[in-house]
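Working notes for the structure below.
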Amino acid sequence: MDSQLKHDITKYVLQNAIKYKGKANPGAVIGKLFAEHPQLKENAKELSKEVMKIIGEIAKIPLEKQEEKLKDIAPELLEKKEHEEKDIFAFVGIREGEEVITAFPPEPSKYPHIGHAKAIILNYELAKRHNGKFILRFEDTNPELAQEEFYKIHIDNYEWLGINPDKIDHASDYMQEMYGYAEKIIKDNHAYMCSCPQETIKKNRQEGNECECRMIQPEKNLELWKDMSESKEGKYVMRLKGHMQSTNSTMRDPVMFRVIDEPHPKTKKKYRVWPTYDFENAVMDGIEGVTHRLRTKEFELRNELQRLLQTICGFKETQIYEFARFNLEGVESSGRIIREKVQEKELLGWDDPSLTTLVALRRRGFMPEAIKSFVISTGITKNEATLTWDDLIMHNRRLLDSGCNRYFFIEHPKEITIENAPEQDVEIKLHPDHADRGVRKFKTHEKFYVTEKDYKEFKDGKLYRLMDCVNFKKKKHDFVFDSLEHEKYKEHGDKIVHWLPADKSNVDIEVLMPDGKTIKGIAEPAVEKLKENEIVQFSRFGFCRLDKKDKSKLHFWYTHG
């Protein structure tokens, strides 16, 4: 039984169980399933067994847990009062009419992944729900990391997610303004120029010791600051006067500016003196007037430092809220490691089907609406969570199930001859619930293809049915026609299988699986009319996206079951 059908049985069992104090009525559940999937009537016996099994499993779960599970897999089936959307941003406490400006600041150094998607969607949604403004800001003030190609990659990925920024900024366009604020805090004796070796700075910060450079007067610091752009790399850094004995190590006189002799993808060699993350982030929030920002909690220790920077620069403080990152089980998320694996050919690229980069999810066939629904469902909490692919797939399946047409795909095809099977013109709906989409037509006689797996499971004397076609039995090494009527199969049948006529009109296809393996087989001729990027459901196999067409075959990527 495929995972989609099991999902549908579970949701209707849960819905009925909740309505009747924990125990579902099998007849009511089967009625719901027949209404949604009329073709299941052909296999009512097998369906009934699975329904009873799942009813038994659900009955063991306390009622409140049943409600939680239904809320997770099919919230639309809860009573209206149960699933009215909760305002996940209520804790921010935004007053009516309050100005809201949010921002998302990616570094253009790697492909965005689903974690970036959560951060950008949350900030975008917060702004839009309060008629505010959303800024996409590239934090590109480290020329050693920023790369030209990634600006467009980020923009394209976020457009695909449905993000339409009110403004796109580049921090590297604000270098003169940032230099101005650097001079201001030097003049106000909040910063100083340090010529200590990097090892000494590191040691002093670890031990909480101030260096002699801290005592230099502002006038001299300003001279050294102005000379910095002409000095060799590493001779000077500009440091903030924090608190060297602070328990928060980020406050121990952190470096704010340093010299980097590396061409920048946008400004080339115009600048050599570049701000560190904390200065750039805090000051850019101030320049842009960012009022609220949601970000992952690895930045939590930096809040104290960034608040101090905004205060001494004269900005209104940005209200920042942290949330925990979520990890998807078994998925690599480190940009450095992914880059290495791509270079070493261990991955197909940044869009390898095993990854959760947005380009990979898009190429596999995940819908942007599903990603948005998924990341919002993970909530805004500081509790770390490890999720599975199934958690994400659940949201995508809801969208694909009603939208995707069905086709037959036979992996590892095995030819059989059903003796005395009549010639037929068979019509099967493109979608069982949408008759208006039309049908697929087949001419059949005695020769068919079935999957190797089904072939190996055929047993002597059992009655089988080729879906919407014929009933047959296996007799030793032969297959013989039994009947056409579905009613006879319902009374005595064992299994329904999908099939294709054994003729030359079938189309060779390959399906790339998430583990990198390729499954080969044949599909019905109608798939030739599909367009690249179209997603379909291959019956009893799964959802797949047409990635590429060539003269000899069609290449699909497996989305999920």
Side-chain angles (χ1 to χ4, degrees), residues 101 103 105-109 135-146 148 151 167-196 198 201 211 213-242 250-251 253-290 293 302 305-318:
I101 300 175
E107 183 179 64
S109 61
I135 300 168
L136 175 62
R137 177 176 78 232
F138 285 105
E139 298 204 322
D140 58 348
T141 53
N142 186 343
E144 292 179 322
L145 296 177
E148 180 66 37
Y151 292 96
K167 185 180 183 183
I168 298 177
D169 261 346
H170 302 82
S172 59
D173 289 338
Y174 291 79
M175 291 297 291
Q176 292 302 327
E177 287 92 332
M178 284 189 274
Y179 287 167
Y181 285 105
E183 291 182 13
K184 171 181 167 50
I185 64 175
I186 289 172
K187 289 175 183 176
D188 293 343
N189 204 23
H190 292 302
Y192 63 96
M193 302 300 296
C194 180
S195 58
C196 296
Q198 189 174 354
I201 293 175
C211 76
C213 303
R214 207 176 198 270
M215 306 311 295
I216 300 172
Q217 293 301 302
E219 295 79 11
K220 181 61 176 176
N221 278 320
L222 200 56
E223 288 179 23
L224 295 174
W225 162 257
K226 291 178 178 178
D227 290 342
M228 189 177 178
S229 61
E230 302 299 326
S231 64
K232 65 178 182 180
E233 188 172 348
K235 184 177 180 180
Y236 294 112
V237 293
M238 189 193 100
R239 297 175 68 183
L240 183 73
K241 285 189 176 180
T250 61
M251 295 299 293
D253 289 15
V255 172
M256 296 286 100
F257 280 86
R258 74 282 203 216
V259 172
I260 300 177
D261 280 323
E262 187 77 28
H264 188 276
K266 283 177 64 63
T267 63
K268 308 307 177 188
K269 295 185 178 182
K270 183 176 181 180
Y271 304 108
R272 296 180 67 237
V273 180
W274 293 94
T276 55
Y277 165 78
D278 288 303
F279 187 92
E280 176 272 322
N281 192 264
V283 170
M284 284 301 300
D285 272 3
I287 291 172
E288 294 171 332
V290 175
R293 196 132 66 76
R302 320 203 82 82
L305 172 58
Q306 293 187 7
R307 283 197 298 267
L308 174 60
L309 281 165
Q310 289 192 327
T311 298
I312 63 179
C313 287
F315 295 120
K316 186 177 178 181
E317 185 183 311
T318 302

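Since we're looking at a predicted model, the values are computed, not measured.
- In this structure, Glu177 places its CD atom where more than 12 heavy-atom neighbours from other residues, nucleotides or ligands lie under 6.0 Å away.
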When you look at Lys266 and Asp140, which way does the salt bridge (Lys or Arg N to Asp or Glu O under 4.0 Å) test go after all the steps? CA-CA 9 Å; Lys266 283 177 64 63; Asp140 58 348; 5.9 Å; no

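- The backbone N or O of Leu308 sits nowhere less than 3.5 Å from a side-chain atom of His190 that would complete a donor-acceptor pair.
- Between the CG atom of Leu145 and the CD atom of Glu262 there is a distance of 9.5 Å, given to the nearest 0.5 Å.
- Under the 3.5 Å distance criterion, with hydrogens and angles disregarded, a donor-acceptor pair is assigned to the side chains of Tyr174 and Asp169.
- Residues Trp225 and Tyr179 place their aromatic rings such that the two centres sit under 6.0 Å apart.
- Taking a cutoff of 4.0 Å between a charged side-chain nitrogen and a carboxylate oxygen, Arg293 and Asp285 qualify as a salt bridge.
- Checked by atom type and distance alone, the side chain of Arg258 pairs as donor or acceptor with a backbone atom of Pro275 at under 3.5 Å.
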I would like to know whether Met193 and Ile216 meet side chain to side chain contact (heavy atoms under 4.5 Å, CB included); could you show each step before the answer? CA-CA 8 Å; Met193 302 300 296; Ile216 300 172; 5.6 Å; no

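- Using bins of under 30°, 30° to 60° and over 60° for the plane-to-plane angle, the ring pair His170/Tyr151 lands in the tilted bin.
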Residue pair Phe279, Met178: steps toward the side chain to side chain contact (heavy atoms under 4.5 Å, CB included) verdict: CA-CA 8 Å; Phe279 187 92; Met178 284 189 274; 4.0 Å; yes

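- Summarising the local packing, NZ of Lys167 is surrounded by more than 12 heavy atoms from other residues, nucleotides or ligands at distances under 6.0 Å.
- The backbone N or O of Met256 lies less than 3.5 Å from no partner atom in the side chain of Arg239, so there is not a single donor-acceptor pair.
- The closest donor-acceptor contact from the side chain of Gln310 to the backbone of Phe315 lies at 3.5 Å or more, if one exists at all.
- Applying the side-chain hydrogen bond (donor to acceptor under 3.5 Å, both in side chains) rule to Gln306 yields the partners Asp278, Arg295; only residues at least two apart in sequence or on another chain are considered.
- Annotation: the span from Arg272 atom CZ to Phe257 atom CZ amounts to 14.5 Å, rounded to 0.5 Å.
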